[in-house]
Protein chains: 2
Amino acid sequence: MARKKNSSAETTRPRIREAALRLFARHGYAAVSMRQIATEVGVQAGTLYLYTADKQTLLFDLMQAHMQDLLAALAALPAQDDPLAALEQFTRFHLRHHRARQDAVFISYMELRNLEPENFERIEAMRRAYEAHLAGILARGKATGTFDLPDAKLAAYALIAMLTGVTTWYREGGPLSLARVEDIYWDMVQKAVGA
Amino acid sequence: MARKKNSSAETTRPRIREAALRLFARHGYAAVSMRQIATEVGVQAGTLYLYTADKQTLLFDLMQAHMQDLLAALAALPAQDDPLAALEQFTRFHLRHHRARQDAVFISYMELRNLEPENFERIEAMRRAYEAHLAGILARGKATGTFDLPDAKLAAYALIAMLTGVTTWYREGGPLSLARVEDIYWDMVQKAVGA
DNA sequence: GTCTATAGCGAGATAGAC
DNA sequence: GTCTATCTCGCTATAGAC
């Protein structure tokens with residue numbers, strides 16, 4: 001008897017994605033059951049399969065959406081001829097974007113190993129494209145003498161790791177404002193590349 | 001009395017730890033079954049419980065051993081009065097130590113969320129002690145004017161994230177030797193703190 | 001579109017033979 | 001010290017009612 005009428009499929013889909021994102025980030029993909037996700041959304045476990053083929057596809061869709069979002073936001077930034085300006089723009093963009101999406105960032109790094117090979121390759125390719133963008137800025141700056149660094153690609157890895165690390169310790173309401181954190185990181189980035 | 005022990009018992013314990021470390025790092029704690037670990041070792045699942053109380057304890061023991069190993073190795077380094085020398089020593093030590101223990105490093109960061117609260121606190125305390133060591137070097141260097149940085153604690157977070165990142169991309173047999181990678185990172189670290 | 005119910009499986013952990 | 005056998009539980013995914 002008593003089944004929920006009047007529920008909107010329009011809102012159930014995003015609610016499933018939000019619940020899965022939060023739970024996967026908090027406990028890990030393998031540790032979260034479809035039942036937990038359903039409970040969080042307020043539906044029965046079987047209902048989830050109206051919206052996703054299976055658990056793996058749900059994970060992949062979350063990661064793919066995150067990476068597409070990231071690359072689209074990067075592409076939407078205004079072009080910068082000056083390597084130093086481009087690096088500052090990238091630094092601040094990366095910090096802001098990642099900080100605002102801690103759960104998705106965490107999952108997209110952490111759950112790579114839980115993707116089936118084909119899905120893994122597709123996500124990895126997008127991640128490489130993002131890294132290549134920064135490496136390109138650094139290589140240009142190195143060529144023009146704006147930067148002084150031994151290896152542009154390695155520096156790109158190092159800087160991205162440094163910047164992404166902010167998601168592991170920064171908490172809203174702490175002693176430092178996000179703007180201040182941005183300035184401090186930009187100061188270190190700038191120096192690290194010998195600008 | 002001194003009844004002679006079965007010879008394989010001496011080797012089974014470390015073999016369990018090695019198998020668990022490798023499998024947890026590769027697939028994640030929650031995704032690995034006790035049966036898989038047992039198969040890897042070449043024993044039956046029930047045999048594992050001769051060596052560990054349960055799966056959670058096995059994870060905690062691996063992480064605790066890793067952190068104790070890290071702190072002991074850090075404490076064994078020769079004292080350095082000069083902040084710059086201390087920073088270089090720390091940088092090279094961190095890279096070498098983490099690079100040689102990729103699986104344990106990965107687990108100790110990734111599986112924190114799968115620890116029960118009490119176990120989590122104990123591991124976190126050791127991680128904070130390690131961070132505090134670097135923050136101390138930076139604060140001393142800032143006080144003496146050797147370094148130019150806005151925030152020693154934040155810089156410690158940033159540098160550790162940057163250095164630990166090497167474990168995600170460095171592969172033996174790649175184009176760069178570990179010594180070369182060390183030199184490149186040390187170059188960036190040095191510049192980043194305004195030395 | 002969501003529910004109840006369940007099939008089918010594999011998990012963690014334990015008991016007792018050898 | 002290790003094995004076989006098993007208990008009990010919770011999981012993913014599906015079927016069919018409403």
Side-chain angles (χ1 to χ4, degrees), chain A residues 1-24 26-63 107 111 113-116 119, chain B residues 1-63 107 111 113-116 118-119:
Chain A
M1 41 162 283
R3 75 195 160 87
K4 262 188 196 164
K5 299 205 165 187
N6 211 14
S7 300
S8 173
E10 309 298 322
T11 68
T12 299
R13 183 179 298 274
R15 278 163 54 74
I16 289 173
R17 294 169 68 91
E18 285 155 21
L21 193 72
R22 186 170 54 253
L23 288 170
F24 287 166
R26 186 118 45 193
H27 308 290
Y29 169 76
V32 172
S33 70
M34 294 297 267
R35 279 178 175 78
Q36 277 176 271
I37 298 170
T39 301
E40 191 87 354
V41 175
V43 299
Q44 295 295 316
T47 301
L48 298 181
Y49 291 88
L50 273 175
Y51 301 92
T52 184
D54 51 30
K55 194 184 175 188
Q56 165 77 200
T57 303
L58 179 54
L59 173 64
F60 174 69
D61 286 346
L62 291 175
M63 292 175 65
I107 290 174
E111 305 296 357
R113 59 192 177 175
N114 283 310
L115 288 178
E116 289 156 5
N119 289 340
Chain B
M1 16 197 292
R3 176 175 164 269
K4 204 176 181 186
K5 287 180 184 173
N6 189 318
S7 62
S8 53
E10 308 296 326
T11 67
T12 299
R13 183 180 299 275
R15 279 164 52 76
I16 290 172
R17 295 169 67 92
E18 285 155 20
L21 192 72
R22 187 169 54 252
L23 288 170
F24 287 166
R26 186 120 45 192
H27 307 290
Y29 169 76
V32 172
S33 70
M34 294 296 268
R35 281 176 174 79
Q36 277 177 271
I37 298 170
T39 300
E40 191 86 353
V41 174
V43 298
Q44 295 294 316
T47 301
L48 298 181
Y49 291 88
L50 226 52
Y51 300 93
T52 185
D54 51 29
K55 194 184 174 188
Q56 165 76 201
T57 303
L58 180 54
L59 173 63
F60 174 69
D61 285 346
L62 291 175
M63 292 176 66
I107 289 173
E111 305 295 357
R113 60 191 175 176
N114 283 311
L115 289 178
E116 287 156 7
E118 188 192 341
N119 289 341

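Reminder, nothing fancy here: chain letters follow the sequence lines and each chain counts from 1. Since the model is a prediction, treat every value here as computed from it, not as a measurement.
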Task: Where protein sits on nucleotides 12-18 of chain C, one letter per nucleotide: B base, S sugar-phosphate only, - none, heavy atoms under 4.0 Å - done: BBB----
- [ ] Take the protein atom CG of B:Leu23 and the nucleotide atom P of C:dA11, then report the distance between them rounded to whole Å.
- [x]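 For the pair B:Leu23 CG and C:dA11 P, the rounded distance is 12 Å.
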Task: Length of the CG-P vector between A:Leu50 and D:dA13, whole Å - done: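 It works out to 14 Å between those atoms.
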- [ ] Verify the contact: side-chain N or O of A:Thr12 to OP1 or OP2 of C:dT2, cut-off strictly under 4.0 Å; return yes or no.
- [x]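 Checking C:dT2 against A:Thr12, a side-chain N or O does come within under 4.0 Å of OP1 or OP2.
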Open item on the list: C:dT2, OP1 or OP2 - any side-chain N/O from A:Tyr51 closer than 4.0 Å?
Closed with: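 Checking C:dT2 against A:Tyr51, a side-chain N or O does come within under 4.0 Å of OP1 or OP2.
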TODO: Go through the structure and list residues passing side-chain hydrogen bond (donor to acceptor under 3.5 Å, both in side chains) with B:Glu18, not counting sequence neighbours.
DONE: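 Expected list: none.
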- [ ] Go through the structure and list residues passing side-chain hydrogen bond (donor to acceptor under 3.5 Å, both in side chains) with A:Glu116, not counting sequence neighbours.
- [x]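 Testing A:Glu116 for side-chain hydrogen bond (donor to acceptor under 3.5 Å, both in side chains), a comparison that skips the adjacent residues, returns none.
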Heavy-atom distance under 4.5 Å between the side chains of [X] and [Y], does that happen here?
X	Y	answer
A:Thr57	A:Asn119	no
B:Leu115	B:Gln56	yes
A:Leu59	A:Ile107	yes

In residues 34-42 of chain B, what donor-acceptor pairs under 3.5 Å come from side-chain atoms, sequence neighbours left out?
| from | atom 1 | to | atom 2 | distance (Å) |
| --- | --- | --- | --- | --- |
| B:Gln36 | OE1 | B:Ser33 | N | 3.1 |
| B:Thr39 | OG1 | B:Arg35 | O | 2.9 |
| B:Glu40 | OE2 | B:Arg22 | NE | 3.4 |
| B:Glu40 | OE2 | B:Arg22 | NH2 | 2.8 |

Open item on the list: Holding to salt bridge (Lys or Arg N to Asp or Glu O under 4.0 Å), I want the full list of residues that pass it with A:Arg26, two or more places apart in sequence or in another chain.
Closed with: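 Salt bridge (Lys or Arg N to Asp or Glu O under 4.0 Å) check on A:Arg26 returns nothing, list empty.
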Open item on the list: Let me test you: for the helix from C:dG1-D:dC18 to C:dC18-D:dG1, what is the angle between the axes at its two ends (five pairs each), rounded to 10 degrees?
Closed with: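 Between the first-five-pair axis and the last-five-pair axis there is 0°.
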Open item on the list: Which residues in residues 36-44 of chain B have a heavy atom closer than 4.0 Å to any atom of DNA chain D?
Closed with: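 Correct list: B:Gly42, B:Val43, B:Gln44.
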Open item on the list: Rounded to the nearest 0.5 Å, what separates atom CD1 in A:Ile16 from atom CG in A:Leu62?
Closed with: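 One finds 10.5 Å between CD1 of A:Ile16 and CG of A:Leu62.
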TODO: Measure across A:Glu111 and A:Tyr29 and return the closest heavy-atom pair with its distance rounded to 0.1 Å.
DONE: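 Heavy atoms only, the tightest pair is OE2-N, 2.9 Å.
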Task: Pairwise salt bridge (charged side-chain N to carboxylate O under 4.0 Å, His left out) hits with a residue in residues 41-58 of chain A, at least two apart - done: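 Qualifying pairs: none.
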